[in-house]
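Working notes, structure below.
In what follows, every heavy atom counts, from backbone to side chain, and hydrogens, waters and symmetry copies are set aside. Note on naming: letters A, B, ... go to the chains in the order of the sequence lines (proteins, then strands), and numbering restarts at 1 for each one.
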Amino acid sequence: MAHANRSLKNILLRHEVLLLLVLGCEIAYFLGFARNFGTADNLTNIIRHSAEIGLLALAMMPVIVTGGIDLSIGSLMGLCAVLFGVLTHDAHMATLPAAAVTLAVGLAAGAFNALLITALRLPPLIVTLGTYSLFRGLAEAVTQGTKTYRDFDPSFLSLGEARWLGVPFQAWCLIGGALFYGVLVHATTLGRSFRSIGFSPEGTRYAGISVQKRTALPYLLSGLVAAVAALLFTARLRQARADAGTGYELLAITAVVLGGTSIFGGTGSVYGTLAGIAAIAVLNNGIGRVPLVLKAGIGSELAALCTGALLLIALAAPGIGRILSNLGQRRAAGAPSAPKLEKN
Amino acid sequence: MTEPLLRLSQISKSFGAVRALKGVSFELHPGEVHALLGENGAGKSTLIKVVTGAHTPDGGLLEISGQAVHNLTPTRAQALGIACIYQQPALFPDLSVSENIGLRLESPAVWGRVYWRQRREKAMSLLKRIGADIHPETLVNRLSMPEQQLVEIACALGSGARTVIMDEPTASLTRSEQELLFAVVRDLRASGAGVVYISHRLEEIFALADRVTVLRDGESICTRPVRSDSGEMQLSEEELIQLMVGREVSAIYPPKGRSPGETVLELKNVSCAAGNVSEVSLTVRAGEVVGLAGLVGAGRTELARVLFGITPADSGSVRLNGKDVRIQSPRQAVELGIAYVPEDRRRHGVILQMPIAQNMSMAVHPKLFPGKWLRFGAEKALGLRFIQELGIKAYGPEAPGGSLSGGNQQKVSLARWLATEPKLLILDEPTQGVDVGAKSEIHRIIRNLAEQGLAVVMISSDLPEVLGMSDRICVMRGGRLVASLEGVDATADSIMAAALKAH
Amino acid sequence: MNRYFRELSVAAALALLLALLAVFAPHFYQPQPLLSRLTAQMPTLVLTLGMTMVMLTRQIDISVGSQFGLCAVVAGLVSAGGHSLALSLAAALGAGALMGAINGWLVAWMGLPSIVVSLATMVTWAEALRLFQQGKFINLPAGVQWFGLSQTAGQVALILLGLSLLAGLAFLLKNRAGGRHLYAVGSDSEAARLSGIHPQKVTFGVFVAMGLLVGVAAVFNLVQSPQVDPKCGTGLELKAVAAAVVGGVAVNGGRGNVWGAFVGLLLLATINPALTFLHVEAYWEKAIQGLVILLAVVADGLRSKRQSP
Amino acid sequence: MKRSRFLVSLLAIPSLLVLVSCNKSEPAAGSGSGSPGAAKKLTIAFMPKSKGNSYFVACEKGAREAVKELGVDLLFDGPTNTDPAKQNEIVENWITLGVDVMAVACENREGISGALKKAQEKGIKVVTFDSDTTPDARSFFVNQATPQGLGETLMDEAARLCGEEGEFAIITATLTAANMNEWRKHIEARLAAKYPKMKLVDTKPCDDQKDKAQQETTNLLSANPNLKCVMAICSPAVPGAAEAIKQAGKAGVVKLLGLGLPSENKAYLKEGVTQSVILWKVADLGYLTIQTANAVGQGTLKPGAKTFQAGRLGELTIEDTSIILGKPFIFNKDNVDQFDF
């Protein structure tokens, strides 16, 4: 039976491969039917616009691999953006030190999550639900909700538009993030222990691996990445406000799950996550360029709707396959069978 | 002749490409204890699940009390008087004992009323009947493993079932609890119920069973009465083992080793309040197998957990190779050269979803992967080496741990720790739930390791195993070390006496 | 006593907050505004009840906010079409049950994780509603508000309905086998299966029940004002989850009860008016809400850490 | 196996880069190719602050009316929630999509200016409506009312309703909503300058939800027994606050005014719960925006013009680069029936 897992058919039916196929279909369709989809400028746009969410998704992936979740990253992005504004404007700090402090605070916020989750063994969903409110609330409290920070240092703002070697700055950040996380998750013992923790924290502990420290790491990093995303976002939008990153946590989770990472922990990959981000970004960009959609003026709604539907289909696809094959078996056996409920 | 309670004819069941049962026939009569024997993977668990309705067979006929039954569900099996005590207690950890018993015994009609007081009274009387001292309002997650097992037994009893299936019920019970259980089984038999009894401990089968059916590779090999009508034994252990494995097993235990070497581990008055370990002093030398005997709950596993840093010691001194050490975490224990093969293989020993090579490398990450970089070649080599050395049956180092049989999983768990090249190896119930063939292989491996100069502490509830394997036997009771027996002093009687003696 | 430690400590926190208000802002206790405030919480209460059931079975449903908006619009359109309230209730229940069944089917029969399933349906329903309704309010005919009763009578009726739903559900969860099955499945679904409970059916049923409760909640919302706001469900899922969590319902199933969730909801729902009455600026609200959630779980964590070895 | 997959992904990233940098030379078709003067069929892109919002739905209606009249192509899109990042994204997508004119209601004055300037560099004409960006990032702003004018109108009307003395409170959409914060600033400035006997006791967000506005108002009413007036400055808040006042039995005692649509407030105005609703003719705003965009695109409306002939709206004056729609209306129970949006 185990051998069968490695057969060609199963490799083709692997989630990531299917996703790449979907992505390919999207691109082919939009190249054929969407207006000016395949231009370099548009490709640049796609990357620039998905950089922050892409980074958050990359950071979310190892968290989910350890069997956790981080709902607070969108809010933390808002808090970091505002903090950066406070430091540069109210505290009159230079851009670089202010950015460094912002990153440090992001890290500290990640550490706060990590502390509650590992030292007190609290469920990550609940802890980060709490910090989701807390971080956004602090951002609003700091700015009294109303303050918007503008007029940042021009050299900082130019990062929002900058290109190196013809490639937008955001793409470099995304590549850097992907490489970093790719190496971390796939090529180091740390990544290996994220996996084993995701499968079985107790079993990992009994193998002499310090589960708490290892579990804490992805949360720490996701705090840091949220701060990076906040800076990128501020540079691109030329302003910092308490509502930065609203709802980004859900988009990031969507991308990660679409990319084949199991929400129960243990399995997940960087390239899957990248494919997930790409599938969403391409869909968002392309659907608004299809003439019929343009005419009806429903691009944004339709894109969101399709993202939801895509996620549903991606989730249900293996199940539907299983049901179909069960039907075949059932005909042979004449007996019903149902999938087991998963338990984490 | 009365109608058999249970008759299975030519039952078959496949999971994907694997044929777990290839035509099994089996009969259970009223007033009989029928032992079901077979190596792990022989199909016993699948067979039980067919009878309890958890699995639907692909072919064959299942008759209950003379009536052919199709599409059996757990509910229906229950209604037809079949109860089962599973190896892993299938209880609800967040609910109270009485509710657990209630949920198992009451009909699952959705709008049916819940009578809390009756539940409690029923639970109380059932627990009393099996002699368990458990308050019915205790939450199950506050109970120890054997206590949970007792609750399971109470459930099965309470259902008033005519057919009771017990899957290794004594695996984690203390001796006195075992005696109570045997009494319950005899009681059942006397009342005309049938008991299907599964155990790897052959002496239990000789003590209890009327007939034995042996399964091998998904087939029923034979059914034999244990005694003749005049009460004489008709089967020998050797015979049974041979039937199970299909080959001759010459010596059950390997010969003992030479005289031990230097002291590796020295404990002085080690206590841990959280772990129920008090003032334990113990010495283990290189090349020595120290058997740690005692009832379950006597503090043996707890002592191992203290040594491995899972629940660190509060007081006392631990010396390892002549140096004082304080072990605060498993990580530290591993660095000091201590290895612990845990009791609960599926939860702690092996990560079932991960390939076996990755399982084996887990404890040697720093050594195998310097600088934290994974080296896939080295890992694979490690996997191949142990697959060969320990004779693990798997298609390769990429096989997920869960695809292996229990005995092979145990070997993987052992391989993980051998890879660390430890100085002290602690084995906790190394052969629990392992079939006979794999059992003697594991024994041979343990002996070899000791020969090579490893200090071994072996916790086991299997008295013959403790006697057969240990150079010295330490007995624990109530968290304390109460006896250290060697040579001719070490007998089943002396161990039990030490384990049971009241203050 | 120890078993209800969590519920009691949340109740104590609520009592403390209420006492604080009694001292510093006694006009918090004017009867009519108090009645209005309580009435306004009834739809959320009904959602919290459903969420408690879902969480007891070790699942979560974050699509309830979107479902709520959709049910409210469906019920509103039926009412606006001049049909009776009973018919719009039926329509809301039908819509809710259908959406619940979709979630339930994907979770129970396809074995998919509920958090992801409901994330996907949350987005899908919300956007479908936006496409359909374009944010337009629905004006309702005169008889709909307060079931055609006077305002106070309508509010009292609504509160009584909500509380009886709470009591009824509490009774069912405690004293009917089906209710205990939720705990059983949430505690250990394999053990439940071996006890003759059908975990898939229970899970499916719970999601459908959640959908039905969303329908009820939408109608509870409908009768409170002469208009339906299609955005009315935004953020309700988090309110319901937070209330259940603060009230001691465990995210990993099997533990908690609806009374605790009710107290949790009251505590969270009192924070906002308390800020108004104590003249604390509104921008502190989210931070304080987050802090309360964290305090509740941290207290729980510290307590369980002390108890278990 | 794991490693090879990792390698594949490593390879995929550089190839993506190659794709980005190689395709650079291809021009974005259709953009900025029109020469001024020659009448041609223009593509006008029109963006509200958020979709699914009845205010902008009414706006879109007017815009489509003008589109029919002028025979231009209309692209309509915007964020589904008020999301400044999404607005930038859509503008940048429109640039590559190839449109002739953009008409944008800006959520984020500074933030969007960069993207709009980029559009101008590509030869795309930009007009703004409803809320402006920085003047250098667009050619004209279709102005329904200045924040200052609006803030002052609101404050003056509130003062009139409560006799220039007493406490009042504001319900806003969210604490971060940029335009409302702007209005609040002017309201408070006007308050400080002209109405010393009036006092702003509290400002509450309603998350753009009617029900939340209702709850907040209920709390405000009982927490501030001397409250004389509620000012609801986002459209869902007006009926929400009205319902709260009605339920508290304070209709007419506590005055209510706000910015909202007549259709959502008609009943409350007639019952005397809401005194005044302030708004311009929203559909006309959309209509005028498309008219302006078309004229700018055709080159018939150039900077420096003093008047603009805007279809059925007749001749409108231009102040600097702002085209003024006209004064906001104050709807009350007497005139509300004349409006159908």
Side-chain angles (χ1 to χ4, degrees), chain A residues 69 71-72 75 116 119-127 129-146 242 250 253-254 257 262-264 298 300-316 318-320 322-323 338-344, chain C residues 58 60 62 102 105-117 119-128 130-131 185 188-190 192-193 198-200 203 238 241-242 245 250-253 281-298 300-302 304-305:
Chain A
I69 200 154
L71 296 178
S72 72
S75 301
L116 294 182
L120 291 180
R121 313 246 174 107
L122 297 174
L125 184 74
I126 299 309
V127 168
L129 181 71
T131 50
Y132 162 87
S133 282
L134 181 67
F135 293 157
R136 183 74 67 200
L138 286 178
E140 290 187 357
V142 165
T143 55
Q144 312 211 330
T146 59
L250 290 183
I253 294 172
T254 307
V257 171
S262 162
I263 201 85
F264 295 122
I298 52 171
S300 303
E301 294 96 326
L302 202 61
L305 194 67
C306 288
T307 309
L310 186 64
L311 186 59
L312 273 180
I313 292 167
L315 286 171
I320 287 169
R322 197 168 57 215
I323 283 179
K340 265 197 203 173
L341 269 181
E342 276 213 59
K343 228 195 110 180
N344 49 350
Chain C
R58 201 190 255 273
I60 198 158
I62 57 173
I102 291 174
W105 183 69
L106 288 166
V107 174
W109 303 104
M110 309 280 278
L112 298 173
S114 53
I115 184 166
V116 187
V117 166
L119 172 67
T121 49
M122 168 174 98
V123 175
T124 312
W125 304 142
E127 296 307 323
R130 201 192 310 275
L131 271 177
V185 170
D188 188 327
S189 73
E190 186 57 22
R193 206 167 74 90
H198 209 304
Q200 275 106 353
T203 309
L238 288 179
V241 172
V245 164
V251 260
N252 38 14
E281 297 278 7
Y283 43 78
W284 284 103
E285 186 187 345
K286 267 189 199 137
I288 292 174
Q289 295 258 9
L291 221 52
V292 168
I293 297 174
L294 283 178
L295 276 180
V297 285
V298 167
D300 225 26
L302 287 175
S304 68
K305 205 177 176 185

Query - When A:I69, A:T254, A:L138 are compared by non-hydrogen pairs under 4.5 Å with chain C, the top option - result: A:T254

Report task. Return the minimal non-hydrogen interatomic distance between A:G308 and C:A120, and the atom names on each side. Result -> O-CB, 3.7 Å

Query raised in the report: What distance do C:K286 atom NZ and A:S75 atom OG have between them, rounded to the nearest 0.5 Å?
Result: 8.0 Å

Requested in this report: Answer with side chain, backbone, both or neither: which region of A:I126 has an atom nearer than 4.5 Å to a non-hydrogen atom of chain C?
Outcome: both

**Report entry** Portion of A:F135 that has a non-hydrogen atom of chain C nearer than 4.5 angstrom
**Finding:** neither

Query - Set of side chain to side chain contact (heavy atoms under 4.5 Å, CB included) partners for C:A126, sequence neighbours left out - result: C:S66

Could you give the side-chain donor-acceptor pairs of residues 309-316 of chain A under 3.5 Å, partners two or more places apart or in another chain?
none

Query - Minimum side-chain heavy-atom gap A:L125-C:I115 below 4.5 Å - result: yes

Query raised in the report: So which part of A:L250 gets closer than 4.5 Å to some heavy atom of chain C, the side chain, the backbone, both or neither?
Result: both

Query raised in the report: Which one of A:C306, A:P123, A:G137 has the most heavy-atom pairs closer than 4.5 Å to chain C?
Result: A:G137

Requested in this report: With rounding to the nearest 0.5 Å, note down the distance linking CD1 in C:I288 to OG in A:S133.
Outcome: 11.5 Å

Query raised in the report: Between C:V297 and A:L122, which heavy-atom pair has the shortest distance, and what is it?
Result: O-CD2, 3.2 Å

